[in-house]
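Reviewing the structure listed below.
All values derive from a computational prediction rather than experimental measurement. Order of the sequence lines fixes the chain letters, A, B, ..., with proteins taken first and strands second; residue numbering starts at 1 for each chain.
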2 protein chains.
Amino acid sequence: MKQKITIKTIAKELGVSTSTVSKALKDSHEISSETKEKIQAYANHYNYKPNNLALQLRNQKTKVIGVILPKIVHHFFSTVIMGIEDGANERGYNIMVCFSNESYKKEVETLKVLSNGSVDGLIVSIASETLENKDFNHFKGLVTEEIPLVLFDRVVDEILCDKVVVDDVGAGYKATKHLLDNGNKKIALITTPNHVNVGALRRQGYEKALIEEYIKTNENFIVEVDEKKDIKKQIEKVFDEDIDAVFAVNEIYAANAMRIAKEKGFKVPEDMSIIGFTDGLISEYSSPSITTIAQHGFTMGKQAVALLIDRIENESEVFKPKKIVISSDLKLRESTKPSS
Amino acid sequence: MKQKITIKTIAKELGVSTSTVSKALKDSHEISSETKEKIQAYANHYNYKPNNLALQLRNQKTKVIGVILPKIVHHFFSTVIMGIEDGANERGYNIMVCFSNESYKKEVETLKVLSNGSVDGLIVSIASETLENKDFNHFKGLVTEEIPLVLFDRVVDEILCDKVVVDDVGAGYKATKHLLDNGNKKIALITTPNHVNVGALRRQGYEKALIEEYIKTNENFIVEVDEKKDIKKQIEKVFDEDIDAVFAVNEIYAANAMRIAKEKGFKVPEDMSIIGFTDGLISEYSSPSITTIAQHGFTMGKQAVALLIDRIENESEVFKPKKIVISSDLKLRESTKPSS
DNA sequence: TGTCAACACGAAACCGATTTCGTAACTTTT
DNA sequence: AAAAGTTACGAAATCGGTTTCGTGTTGACA
């Protein structure tokens, strides 16, 4: 990189001190307008830009927010990022994005790197491997160091910090209820393994809706997808059961279910209703398009970042973790029967 | 944030100088093993972590790469980010991600912020508004400041820097040729306005393939989609023409075409073949699934970041812009007739 | 016993800004 | 004319590290 122009250069060239330059550039009243003009003109001409690192070191803040996501090629997380970036920008922050790729080890490392003063705070959605391990010491470390932290979507109670979640139980209930209301009784659930708590919560909602209708949950109707294996094959198995509807906890599972249903000769939604989660492009462009729970990822991102920046800028405040619950909506499309 | 422990604290507590602490922590031979052990034990116990900002200021490098994308809720860009992050991590860099949201103004601002020393280099895909304006002074500024820059996918010749692109002409040709080879003659093209150069290049490939078969391009078969208006309506119009195939320059257009074709009663691929671009989830889960040009976003990201880091770490090298062309593959699926 | 090297450590400069405090040179007040 | 107040600027500390260049103390060797 080319030798950049600094305050020192300007000072030397113009025969003044660095303090004078600094003040002149901030239009301080301490400096005569004559000197100010001279300095400003010079700075302008040579396109002087204050060095951010120096400022960050001095101010002890970076105006950067670290974001760690399990993955990005996923409609929900993409929209969350958009929300975070948007909210951050509004308040003069930038975001530094990293991915854990669902790996515990990478999450620990990334957290370590980012917490070395590179960021003022962190927004994280926990990796599935970490949720499985149940080892959250790396997060607890952050808390004791008092580095502002906001968890979203995939959160755990053990970590004392602000959280933003969707009302997963309610959403699971809403989806299942919708199926029940339209005459479906034998509803399969395609979910994640139980350690991914959003999956577990959505399942709770599913079970709650069934119980209300005095339907016993049938374990054979429930598939816990292991993403390391072939997803489609695992989902296919539940179609051997006598089912008339599928509730999938994400888009991909729903799209797979749709495909399998069609292959098996079911008519959607006449013989088989399908509801997904995450209102992404797959659901929208599938045919028939898929009824789904819209998670409002953008809103979640904005809320998370607002929470975080408030925390960063009001350190003095007594620490009382907040939890924001974002409601989710059922987006009716063609894969379920119209409400009767 | 809690008062963090610094080298100064350690020095004071242990009654040594900061230089001694610094050296001890780097296991310098200048320090007696006795003192080293004492200092290291202390640092370890109090979980000392060197302040990144201080190091960055001193070393004049941040080990951070800025990435500016037009959007993220898009399979191609998501995969590119993954590639960039992956490649960056391998070489000890982090990425700072921003979005221009296709806006010229935001691109300029973001570029200004990031080039203040916050990053060692930049990877950018140009906003469509900027391409339309043809105002690239903000990029030229970077070049004269000698801040390493790599453009990918949406690039322009005016900017002298490294570039990574897909072989858009070739890909457009490949897609069109495939349609022609399978008996389609009246091929519609759903593309972007001409200022988005990837669209223009893919169109060139399309035209080239037609010319080879002595088919005159029919302007009525070509739709330049304005994303500010209703996408579907614009695409629908071309179906009024007598066409037997559609080549769309991205997933969304292809999915829309698929939907319209089905609505109009065409059988895909018997009556109507469809080829898309970007091998994303929509193409995969559409039914019938969509034949598409796979762009290898991950590879592009990795190549771009490798190019950038090489540039960052070998500033001495004479500057000769490199251009890497990533080949793209035709991924055959159900929306086109099997090769005869 | 004087000299020199090795050892172990500290002082101070440096990265690029900001900011407090001091002060010389005027101007105003009494 | 002395005291007080302005004006316009500079010196130096600071942020948290690294690194160069001393320097005092040993011990070995001639």
Quick check on C/dA17: is either OP1 or OP2 less than 4.0 Å from any side-chain nitrogen or oxygen of A/Ser22?
no
Identify whether the distance between the nearest side-chain nitrogen and carboxylate oxygen of A/Lys38 and A/Glu13 falls below 4.0 Å.
no
Between B/Asn44 (side chain only) and B/Gln40 (backbone N and O only), is there a donor and an acceptor less than 3.5 Å apart?
no
Could you tell me whether the side chain of A/Ser78 and the main chain of A/His74 form a donor-acceptor pair under 3.5 Å?
yes
Result block: side-chain N/O donor-acceptor pairs under 3.5 angstrom for residues 150-161 of chain A, not counting sequence neighbours:
{"unit_1": "A/Arg154", "atom_1": "NH1", "unit_2": "A/Glu102", "atom_2": "OE1", "d": "2.9"}
{"unit_1": "A/Arg154", "atom_1": "NH1", "unit_2": "A/Ile126", "atom_2": "O", "d": "2.8"}
{"unit_1": "A/Arg154", "atom_1": "NH2", "unit_2": "A/Glu102", "atom_2": "OE2", "d": "2.9"}

Rounded to whole Å, please give me the gap between NZ in A/Lys12 and P in C/dA17.
13 Å
Measure from CG on A/Asn116 to C1' on D/dG17 and round the result to the nearest Å.
13 Å
Without decimals, in angstroms, what is the distance between A/Gln56 CD and D/dG17 C1'?
15 Å
To the nearest angstrom, the CG-P distance between B/Leu25 and D/dT19 comes to 13 Å
Indicate whether any N or O donor in one side chain lies under 3.5 Å from an N or O acceptor in the other, for B/Thr130 and B/Glu107.
yes
Whole-Å distance separating the NZ atom of A/Lys61 from the C1' atom of D/dC15
13 Å
Could you walk me through whether B/Asp310 and B/Arg91 pass the salt bridge (Lys or Arg N to Asp or Glu O under 4.0 Å) check?
CA-CA 10 Å; B/Asp310 285 347; B/Arg91 298 181 63 171; 3.1 Å; yes
Protein heavy-atom contacts under 4.0 Å, written 5' to 3' over nucleotides 7-16 of chain C as B (base), S (sugar-phosphate only) or - (none), form the string -BBBBB-BBB
